[in-house]
Amino acid sequence: MIRTSPRTPLRLLTVLAAVIVAAPVAPAAATAQPTTPTLTWAVQPANQQGPDGRRWVERTLDPGQVVTEHLAVRNFSDGVVVFALKAADGYLTDKGRFNMLASNQQSADGGTWIRVQQTVSVGPRQTTVVPFTITAPRDATPGDHPAGIAAAVTSAGGTVAVESRVGFRVMLRASGTVTASLAISNLTARYERSWNPFSAGTVHLRYTTTNDGNVAVAGTGRTTAAGPLDLATRRTTTNVEETLPGGSREVEGRLDGVWSLGRLGTRVDLTPAILGGDSPGAETRPTTATVTIWALPWPQLALVAVLAVLALAVRRTVRRRRRRLAQLIADARDEGRAEARTSALAGGAPQAF
């Protein structure tokens with residue numbers, strides 16, 4: 001990860017693992033404008049020779065096991081810089097980005113497994129490799145214990161100090177039986193109808209997934225909506241992004257082409273998938289949640305009503321025309337009969353000479 005920072009603070013930054021983290025170490029106040037050149041640096045996983053191309057460190061350890069890893073701090077600036085090296089527990093932000101606890105927060109999990117020297121001095125435009133050790137506690141519970149490690153500099157101006165950190169993930173997994181599980185809660189569904197009676201509507205879904213297993217997982221949710229007797233069944237899939245143990249995600253989905261047939265049963269089947277490949281003997285727990293909504297076919301009923309009114313109007317008009325035609329025929333018949341009688345009477349009268 002590469003970071004460019006003014007030597008005096010302008011704002012707080014927060015990202016890690018290709019993410020930058022900044023934490024205030026004094027009460028907030030007006031900040032001074034930078035008066036010194038910017039500082040640019042990067043921190044990467046490494047071997048003893050230098051950066052090794054990994055994006056982050058990922059290790060599986062037995063309880064009590066100790067391993068040695070390396071990081072490389074690269075100083076792209078024109079002067080010597082002394083960096084503070086720190087490790088802390090890792091977590092995902094609300095936007096799904098990996099981060100690590102700020103320096104003023106106490107680590108209680110994977111961050112406590114890492115030991116690294118407190119500082120490192122890196123010359124101008126040079127790279128320094130630093131070893132660090134990872135020790136899994138003897139009572140480490142099976143599963144993932146995410147952490148991060150970073151190189152930090154502190155910029156001070158007036159009454160404010162800002163710590164800027166650049167680092168990467170250290171994904172630690174304790175050996176043993178791991179469980180991949182995502183629980184579903186707060187499932188809601190809403191039907192959005194199309195007022196075009198010849199078009200189907202949409203079911204909008206929202207629910208919360210919580211990783212109640214012990215490893216980082218993603219997930220695939222299969223959503224089904226069906227009317228009475230499973231009529232007009234529609235299906236779709238929704239992906240759940242990476243979720244660390246104990247973490248939660250808000251998931252939204254939609255089912256298009258759903259006809260409103262009254263009662264709509266909606267079901268979500270969620271299957272978790274272990275990130276980084278399956279572990280031997282891993283337990284995967286699929287889960288299911290259902291919700292029922294009512295979607296009355298108002299546009300179709302309105303169309304039927306309009307058609308019924310039109311049919312009645314046509315029928316009434318046809319009957320009226322038939323009665324009028326029948327009346328005209330009857331009137332013509334009576335007129336013809338009257339003319340025939342008149343002609344007959346006129347033909348039978350005595351003629352005068």
Side-chain angles (χ1 to χ4, degrees), residues 1 3 5 9 11-29 41 43 45 56-69 71 73 82-120 130-156 159-174 176 210-216 242-249:
M1 175 62 199
R3 168 74 166 125
S5 173
R11 61 184 182 278
L12 238 65
L13 302 174
T14 321
V15 196
L16 175 75
V19 181
I20 300 168
V21 180
V25 293
W41 75 103
V43 181
W56 58 70
V57 171
E58 189 170 358
R59 298 297 295 261
T60 298
L61 297 86
D62 296 326
Q65 183 180 356
V66 181
V67 297
T68 299
E69 280 284 354
L71 62 85
V73 182
V82 177
F83 297 95
L85 301 179
K86 301 183 179 183
D89 291 350
Y91 67 96
L92 292 177
T93 67
D94 293 339
K95 295 183 178 181
R97 295 180 177 179
F98 192 87
N99 209 334
M100 59 185 273
L101 295 181
S103 293
N104 58 354
Q105 295 178 284
Q106 188 69 34
S107 293
D109 197 22
T112 65
W113 298 18
I114 301 173
R115 292 290 181 269
V116 65
Q117 64 190 57
Q118 292 185 349
T119 61
V120 61
V130 179
F132 63 93
T133 59
I134 304 170
T135 303
R138 294 189 179 279
D139 60 351
T141 57
D144 288 346
H145 302 265
I149 190 167
V153 294
T154 300
S155 302
T159 59
V160 173
V162 174
E163 181 185 71
S164 298
R165 303 190 297 190
V166 180
F168 54 84
R169 299 190 192 199
V170 183
M171 298 300 293
L172 305 175
R173 178 172 296 177
T210 301
N211 185 342
D212 56 353
N214 59 12
V215 290
E242 177 185 9
T243 311
L244 298 178
S248 298
R249 289 276 193 180

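By convention here, the first residue in the shown sequence is residue 1.
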Return the minimal non-hydrogen interatomic distance between [X] and [Y], and the atom names on each side.
X: A216; Y: P245; value: N-CD, 3.9 Å
X: A140; Y: P63; value: O-CG, 4.2 Å
X: L244; Y: G90; value: CD1-O, 4.4 Å
X: A150; Y: M100; value: CB-SD, 4.0 Å
X: A136; Y: L61; value: CB-CB, 3.9 Å
X: D89; Y: S107; value: N-OG, 3.0 Å

Rounded to the nearest 0.5 Å, how far apart are [atom1] of [X] and [atom2] of [Y]?
X: Y91; Y: L101; atom1: OH; atom2: CG; answer: 6.5 Å
X: E69; Y: R59; atom1: CD; atom2: CZ; answer: 5.0 Å
X: M171; Y: T60; atom1: CE; atom2: OG1; answer: 10.0 Å

With a 4.5 Å cut-off on side-chain heavy atoms, are [Y] and [X] touching?
X: F168; Y: L71; value: yes
X: L92; Y: F98; value: yes
X: V170; Y: W113; value: no
X: L85; Y: V73; value: yes

Spell out, as yes or no, whether a donor-acceptor pair under 3.5 Å connects the side chain of [X] to the backbone of [Y].
X: R115; Y: T112; answer: yes
X: N99; Y: T93; answer: no
X: R169; Y: P146; answer: no

- Query: If you look only at pairs with a residue in residues 138-153, which of them pass as a side chain to side chain donor-acceptor pair (under 3.5 Å), with sequence neighbours excluded?
  - Reply: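 Matches after skipping sequence neighbours: D109-H145, D144-R173.
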Residue Q106 excluded, over 12 heavy atoms near CD under 6.0 Å |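 At most 12 heavy atoms, drawn from other residues, nucleotides or ligands, come within 6.0 Å of this atom.
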